[in-house]
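Just so you know, these numbers come straight off a predicted model, no measurement behind them.
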Amino acid sequence: QVQLVESGGGLVQAGGSLRLSCAASGIIFRINTMGWYRQAPGKQRELVASITSRHSASYEDSVKGRFTISRDNAKSTVYLQMNSLKPEDTAVYYCNVKYQRSTWSPEYDYWGQGTQVTVSS
């Protein structure tokens with residue numbers, strides 16, 4: 001069993017900041033890429049940011065320069081610092097981890113339960 005516990009969502013005014021956290025636990029040998037996705041009402045889920053085990057990060061164009069993804073491998077935790085938030089950032093944010101159960105196992109995907117981020121204008 002793998003568990004992902006997300007926290008940090010909420011309501012903030014435009015221009016404000018929030019920090020999301022996602023802690024992984026369970027039968028995990030190695031966590032590879034960790035990422036944050038979001039899904040706004042009526043829209044498809046999209047990748048916001050991801051980070052490899054070697055801390056190489058990538059971002060969706062609309063959040064570049066405003067969001068920062070980081071991870072603490074010792075704590076199996078990924079963070080998303082969101083600054084200069086805009087109303088269009090409003091969505092449910094989901095944590096995703098790609099992990100292996102052993103050296104030779106395939107890579108598995110696991111999703112968090114989602115946390116609501118609402119940015120008011």
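- Taken from OG in Ser50 to CH2 in Trp36, the straight-line distance is 13.0 Å, to the nearest 0.5 Å.
- The shortest side-chain heavy-atom distance between Tyr108 and Val2 does not fall under the 4.5 Å cut-off.
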Does the pair Asp61 and Lys64 meet the rule for a salt bridge (Lys or Arg N to Asp or Glu O under 4.0 Å), with working shown? CA-CA 5 Å; Asp61 285 347; Lys64 286 180 180 177; 3.0 Å; yes

Would you check, one step at a time, whether the test side-chain contact (heavy atoms from CB on, under 4.5 Å) holds for Asn73 with His55? CA-CA 9 Å; Asn73 289 334; His55 302 272; 3.5 Å; yes

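- The backbone N or O of Trp104 sits nowhere less than 3.5 Å from a side-chain atom of Gln100 that would complete a donor-acceptor pair.
- In this structure a side-chain-to-backbone donor-acceptor pair under 3.5 Å is missing from Glu60 to Glu46.
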Take Arg71 and Ile31, measure what side-chain contact (heavy atoms from CB on, under 4.5 Å) needs, and give me the verdict at the end. CA-CA 11 Å; Arg71 64 189 282 174; Ile31 298 176; 3.7 Å; yes

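- Residues Asn96 and Lys98 are in side-chain contact: their nearest non-hydrogen atoms beyond the backbone lie under 4.5 Å apart.
- Side-chain contact annotation: Ser53 with Asn32, donor-acceptor N/O pair under 3.5 Å absent.
- Proximity of Ile69 to Val78: side-chain heavy atoms (C-beta onward) are separated by under 4.5 Å at one or more points.
- With hydrogens and angles ignored, the 3.5 Å screen pairs no side-chain donor or acceptor of Tyr79 with any backbone N or O of Asp72.
- Tyr99 and Tyr110 have perpendicular rings, their planes meeting at more than 60° on a 0 to 90° scale where under 30° would count as parallel.
- The shortest non-hydrogen separation linking Arg38 to Tyr93 is NH1-OH, 3.0 Å.
- No donor-acceptor pair closer than 3.5 Å links the side chain of Thr118 to the backbone N or O of Thr90.
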Which pairs of donor and acceptor atoms, one on a side chain in residues 18-25, lie under 3.5 Å apart (sequence neighbours left out)?
residue	atom	partner	partner atom	Å
Ser25	OG	Gln3	OE1	3.2

